[in-house]
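Numbers restart at 1 for each chain; the letters A, B, ... are given by sequence-line order, proteins then strands. Side chains included, hydrogens not; waters and symmetry mates left out as well; all remaining heavy atoms used.
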Protein chains: 2
Amino acid sequence: MPVQPPSSTPAHAAEAGEAGPAFAPLYQQIKGLITRELQAGTWKPAEAIPSELELAARYKVSQGTVRKAIDELAAENLLVRRQGKGTFVATHAEQHIQYRFLRLMPDDGSDQRLARRLLDCRRARAPADVARALEIKSGDAVVQLRRLLLMPDKSAAPAAERPVVLDEIWLPGALFKGLTAERLADYKGPMYGMFETEFGVRMIRAEEKIRALAADAADAELLAVPAGAPLLSVERLSFTYGDKPVELRRGLYNTSGHFYRNELN
Amino acid sequence: MPVQPPSSTPAHAAEAGEAGPAFAPLYQQIKGLITRELQAGTWKPAEAIPSELELAARYKVSQGTVRKAIDELAAENLLVRRQGKGTFVATHAEQHIQYRFLRLMPDDGSDQRLARRLLDCRRARAPADVARALEIKSGDAVVQLRRLLLMPDKSAAPAAERPVVLDEIWLPGALFKGLTAERLADYKGPMYGMFETEFGVRMIRAEEKIRALAADAADAELLAVPAGAPLLSVERLSFTYGDKPVELRRGLYNTSGHFYRNELN
DNA sequence: CAGTGGTCTAGACCACTAG
DNA sequence: TAGTGGTCTAGACCACTGA
C-alpha cells in the first residue's frame, strides 16, 4: 500500500493510512515491498515474479511506477528481465559464470575454467576478527573451509594442475547447518549456487580489501611458489539481503600468470 | 533528428530521413546526440546543458524520452543532475574527491589526503607496449611522468612523509603538447582536473590490471621499503569519449598501511 | 515568482515468446 | 494469439533553487 507524504498525495493513493515505510517516492516504496518478498522467499531464485501489470494492480499504482522499481532492482542484479517471458529472480545456481565475484583473468586471454580442490571443512568457534566481520559473537559456531583453485596445465605431460588461488572461507554456523565436506564435494556447479539452493542464502554484493604480501611457508607450499613470493591477498566480505554479512573469504592469489581485473567508472 | 525502424514510426517522428545512427530506441539516439555534443565540447565541463524541455523541443521528442537518455548518461557519470538547478557536465576540476580513480584506503578509517611529489616529467618515444595500450604507433611522442604520493606521518618528529604510491604515467604527446614539470607543479587540485581544463581531455572510465610483485632495488628505495618487499602493481588504462585510451599508468602501492578497496555487484 | 529536475499516471503501440 | 517486457507520449503535480 503506497504511502505518500502529507503534501504530495496524488489523489488516487489517498486511501490507505497504514503504518508503512517512511515517506519516500512511490516507486521506492514499491521497490521495498518487492525486496521484502524476495527476502521472505515468496518468489524463489530462477522463478518468475508476477507481471508488471499484475503488480501494478496489486499495489494500486501505475505500470510505470512498478517499472521504475523493477528497473532499479534489475540494475542491482536482484532481478533479471527477459522480454516476452517475464521478470525473474536472479540466481547463481544456473548461471554459466563459474565464479560470481572472482575477477582473476589469465594473462593470455583464454577463459580456462579453474578446477576446485577442497582442502578441509570443519566446524569451529569464530575468532574475534571473523566474528566482527560477520557480525556474530566471538566464539559462535562457524564453518571454516579451505580450498584451492587450480589451472589445468596442458604443457605438462601428463596433464598437471597449477594452483592459482588458496581460499579460506568462514561461514556463520547458524545459517549453514548441514554443510559437510561430502556435500560440498558432491555438488556440481558454483558454490554460491549450492548456498542458494541448499541453504537459502543468496549473495547480493561484496566488498574486498586487496593487499600484496609475502607467502609464508605453509601458503607457499600449497600454492607451489617459493616462500616469500609476492601474493595478492583478497579479503572479501559478502552480503545477502538487508546488507547482512554472510561470508568472509580470505584469498591468496598467485598473480604470476593471472591478474585481477577491475573496471572503474 | 530521431530515426525509427520502418515498422515502428510513432507518427510524430516520421519527418526526417537523414542518415543518422542505426535504428535503435529513440532515447538511445538522443543519448548519442547528447554524447556527441559533449565530445565536441559544445557544452563544457561544469556547465549546465539545456533543460529537458528545451532538449525535448529541439529533438522533437517528449520530455520523458530525453529524461531516459539523460538518466543513462548520469548513471555513467558523464552528467550530473541537480534538482531545481539543471543538468551539468561532470567535471574533475572542482570535485572534492582528490583522486578520481584511486581506491587506496588507510587501514585506520582516516581520510588523510595524500601529498604529491613529482619525480620527473619528460618527452619520450613510446615503447612498443605503451604504444599498443594507447593505440598509437611505436615511437610516437609521449609524455612520461613519475611521481610519488605520500602520507603525512604525524608520529614522526618533525612531521615526515611516508611514500605510499609510486606512479609512472604515460600520455600521448599529441594530446598533451605544452605539458611541463612547471605547469604540473603550479597546478592546484587534481591532475585529472588539469588535464580537463588545460588540455580538454576528460577521463571517463578506466580498466585496471592488478598483481602482486616484489620491489626491485630502485622502486624499493623510492618507496622506502626493503628490496623484495611485496607491492601491489596496478596498471591502469584510462579512456575518454568514444573509448579512446588516453593515459597509461603503472602504480606501485605499498599496502602495509593501506589497502585497495573494491565493491562487487 | 518562474524555471528546473523528480514523480506519477493513463494509454498507445512495439518486439519478443510460447502455446 | 495472448501475454510479457520495452518504448513513447502528453499532461499533471511535486520539490527544490534562486532571483
In whole angstrom, what separates Lys60(A)'s NZ from dC8(C)'s P?
-> 17 Å
If one requires at least 3 consecutive Watson-Crick or G-U pairs with distances under 3.5 Å, the stems of DNA chain C turn out to be C:1-18 with D:1-18
Under 3.5 Å, is there a donor-acceptor pair linking the side chains of Tyr260(B) and Asn262(A)?
-> yes
Between Leu26(A) (CG) and dC14(D) (P), how many Å, whole number?
-> 14 Å
Can you tell me how far C1' of dT4(C) sits from CD of Gln83(B), to the nearest Å?
-> 8 Å
Counting just side-chain N and O atoms, does Arg81(B) come under 4.0 Å of either OP1 or OP2 of dG6(C)?
-> yes
DNA chain C-proximal residues of residues 44-54 of chain A, any heavy atom under 4.0 Å | none
Side-chain donor-acceptor contact under 3.5 Å, Tyr192(B) with Glu247(B) | yes
Are Lys244(A) and Glu135(A) within salt-bridge range, i.e. N to O under 4.0 Å?
-> no
Rounded to whole angstrom units, what separation is found between the OH atom of Tyr27(A) and the P atom of dC14(D)?
-> 18 Å
Got a sec: does the CZ of Arg113(B) have more than 12 other heavy atoms crowding it under 6.0 Å?
-> no
Separation of dT7(D) C1' from Lys31(B) NZ (nearest whole Å) = 15 Å
Salt bridge check: are Arg81(A) and Glu52(A) linked by an N-O gap of less than 4.0 Å?
-> yes
Rounded off to whole Å, could you give me the CZ-to-C1' distance for the Phe88(A) and dT17(C) pair?
-> 10 Å
Could you check whether Arg67(A) gets within reach of a base, just the sugar-phosphate, or nothing at all, counting any heavy atom under 4.0 Å?
-> base
Length of the CG-P vector between Leu55(A) and dG3(D), whole Å | 17 Å
Are the charged groups of Glu54(B) and Arg58(B) less than 4.0 angstrom apart, N to O?
-> yes
